[in-house]
Engineer: 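I'd like to ask some things about the structure below.
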Amino acid sequence: MTKAFDNEMKIEFLSKSNNEAFARIAVAAFIAQLDPTIEEIADIKTAVSEAVTNSIIHGYEGKVGLVKLVCKIVKNEVFIEISDTGKGIENVEIAKQPLFTTKSNLERSGMGFTIMESFMDNVEVESVLGIGTKIMMSKKIKINSSQEKGLENFGDEECINDLKNSDVRGEETCMKMI
Amino acid sequence: MQTTYYKKDKHLVFEIEEEIDECSVQNLKRMMDNEIQRYMPKEVIFDFSNVSFMDSAGIGLIIGRYKLIDMIGGELRVANVNLQIQKIFEMSGLLRLIPVECKKKEVQYD
C-alpha cells in the first residue's frame, strides 16, 4: 500500500498577474508527492490559474492586495483554498454560469468557474461584497496500480493494460478532434 | 522563450512559445493585432506546438482575434494543440467557430 500523506502548505502573494504562473506551479510541485498523472496535474493547474486570476482581475481589479493560497493533502485528495480580501461577488450563482462576465469589453470569456467545476471534483465559493471571496476546491488523485502494488510489481499485466488503455483514450479524443 | 511569427503568401503564422494566461495575453494581443492589421492575411494560424498551458484567458484571446480576422475577411486556424488545451476548447464551444487541430501534425497550407 502507498503511504497516505497528510500535508499542508500556505502561500501569500501580491495580486500581480505574473504570480498566476507562480501559484499554479507551486501547487503542481506540492501535489507531486501524490504521484498524479500529467492530466491530473494539468487539470489542477488550470483550476488554480482560473481562481487566482479571478482574485487578481475581479477581486482586486488592478489594486494591490494579497491572494492567499492554501493547499492540503488528505490521503489521496487535494484540497485547495484561494482567497482574497477584494470586492467580493454580488451573486455567486450568476457568476458561475458559463460565459457570464462583468468585463466582456476586456475579452474575458466568462469560463473561469466552468473550467474550475469541470476540472475539479468539487468547487465551493464563499463571497461577501466588500469583504472578499474564498474559493474552495478539491480533487481526488487516482491511486495508480503501480503505486498500490508497490514498485516490485511495476510492469505487470494490469499496469501495462492501464497504460495501453490510457493511450487508446487519448487517441480516440484526438480522432474526434480531427 | 518568445512568440514569433512569419508570413508566407497570404498566411500569417504565430508560433506561440509561452504559457497562455492573463499575464501573457496582454502582450500577445497587442503583437497579434498589429501584425494582423499590417498584413491583412487570408489565413492566420496559431501554432500551439510549444504551448504547454492555457487557461480561459486564452479563449478570450482567440475569440478577440477571430473577430478581428473575420472583420478583414480572413480565417483563423489553431494547430498542434495538446490534449489538456483541447479540453478547454471543447468546453468553450470555440470548436464550432474555429478549426482546431490536435498535436502533432505539420502546419500545412491550402
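Order of the sequence lines fixes the chain letters, A, B, ..., with proteins taken first and strands second; residue numbering starts at 1 for each chain. In this text the structure is predicted, and so the values were computed from the model without any measurement.
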Engineer: What's the separation between atom CD1 in A/Ile25 and atom CZ in B/Phe53, rounded to the nearest 0.5 Å?
Structural biologist: 9.0 Å

Engineer: Would a 4.5 Å heavy-atom cut-off, applied to side chains only, mark B/Ile88 and A/Phe119 as touching?
Structural biologist: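 Heavy-atom side-chain distance check passes, below 4.5 Å.
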
Engineer: Please check: side-chain N/O of A/Glu50 versus main-chain N/O of B/Ser56, any donor-acceptor pairing under 3.5 Å?
Structural biologist: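 Yes.
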
Engineer: Group every Ile, Leu, Val, Met, Phe, Trp and Tyr by side-chain heavy-atom contacts under 4.5 Å, then state whether B/Met40 and B/Phe14 land in the same group.
Structural biologist: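 Yes, B/Met40 and B/Phe14 fall within the same hydrophobic cluster.
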
Engineer: Does the side chain of A/Thr53 reach to within under 4.5 Å of the side chain of B/Asp55, using non-hydrogen atoms?
Structural biologist: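 Answer yes - side chains close enough.
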
Engineer: Could you walk me through whether B/Glu19 and A/Glu20 pass the side-chain contact (heavy atoms from CB on, under 4.5 Å) check?
Structural biologist: CA-CA 11 Å; B/Glu19 299 199 328; A/Glu20 289 159 14; over 6 Å; no

Engineer: Under 4.5 Å from any heavy atom of chain B, what part of A/Lys16 do you find: side chain, backbone, both or neither?
Structural biologist: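 For A/Lys16, no heavy atom lies under 4.5 Å from chain B.
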
Engineer: Examine A/Ile82 and A/Met136 and state if one hydrophobic cluster contains both, with Ile, Leu, Val, Met, Phe, Trp and Tyr joined whenever side-chain heavy atoms are less than 4.5 Å apart.
Structural biologist: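 No; A/Met136 is not reachable from A/Ile82 via cluster members.
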
Engineer: Please round to the nearest 0.5 Å and tell me the distance separating atom CD1 of A/Ile115 and atom OG of B/Ser92.
Structural biologist: 7.5 Å

Engineer: Applying salt bridge (charged side-chain N to carboxylate O under 4.0 Å, His left out) to A/Glu107 and B/Lys67, what does each step give before you reach the verdict?
Structural biologist: CA-CA 11 Å; A/Glu107 293 184 353; B/Lys67 285 183 186 158; over 6 Å; no

Engineer: Hydrophobic clusters here meaning ILVMFWY residues chained together by side-chain heavy-atom distances under 4.5 Å, can you tell me if B/Met71 and B/Leu61 are in one?
Structural biologist: yes

Engineer: Just wondering, do A/Val52 and B/Glu22 contact through their side chains at under 4.5 Å, heavy atoms?
Structural biologist: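 Result no, sub-4.5 Å side-chain heavy-atom pair not found.
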
Engineer: Are B/Leu95 and B/Leu97 co-members of a hydrophobic cluster defined by side-chain heavy atoms under 4.5 Å apart?
Structural biologist: yes

Engineer: A/Met116, A/Ile41: one ILVMFWY side-chain cluster at the under-4.5 Å cut-off?
Structural biologist: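 No, it is not one cluster - the side chains of A/Met116 and A/Ile41 are not joined through contacts under 4.5 Å.
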
Engineer: Could you look at A/Asp43 and say if it's the side chain, the backbone, both or neither that has a heavy atom under 4.5 Å from chain B?
Structural biologist: both

Engineer: Could you tell me whether A/Lys96 atom NZ has more than 12 heavy atoms of other residues or ligands within 6.0 Å of it?
Structural biologist: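 Correct, the count exceeds 12.
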
Engineer: May I ask you to check whether over 12 heavy atoms, not counting those of A/Glu12, lie within 6.0 Å of atom CD?
Structural biologist: yes

Engineer: Heavy atoms only: give me the nearest A/Met111-B/Met91 pair and the separation to one decimal.
Structural biologist: CE-O, 3.5 Å

Engineer: What are the two closest non-hydrogen atoms of B/Gly60 and A/Ser109, and how far apart are they?
Structural biologist: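 Smallest interatomic distance, heavy atoms only, reads N-CB, 4.1 Å.
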
Engineer: Tell me the closest heavy-atom pair linking B/Gln84 and A/Glu39, and the distance in Å.
Structural biologist: OE1-O, 4.0 Å

Engineer: Against chain B, label A/Ser49 side chain, backbone, both or neither, depending on which of its atoms sit under 4.5 Å from a heavy atom there.
Structural biologist: both

Engineer: Is A/Ile56 close to chain B through its backbone or its side chain, or both, or neither, when contacts mean heavy atoms under 4.5 Å?
Structural biologist: neither

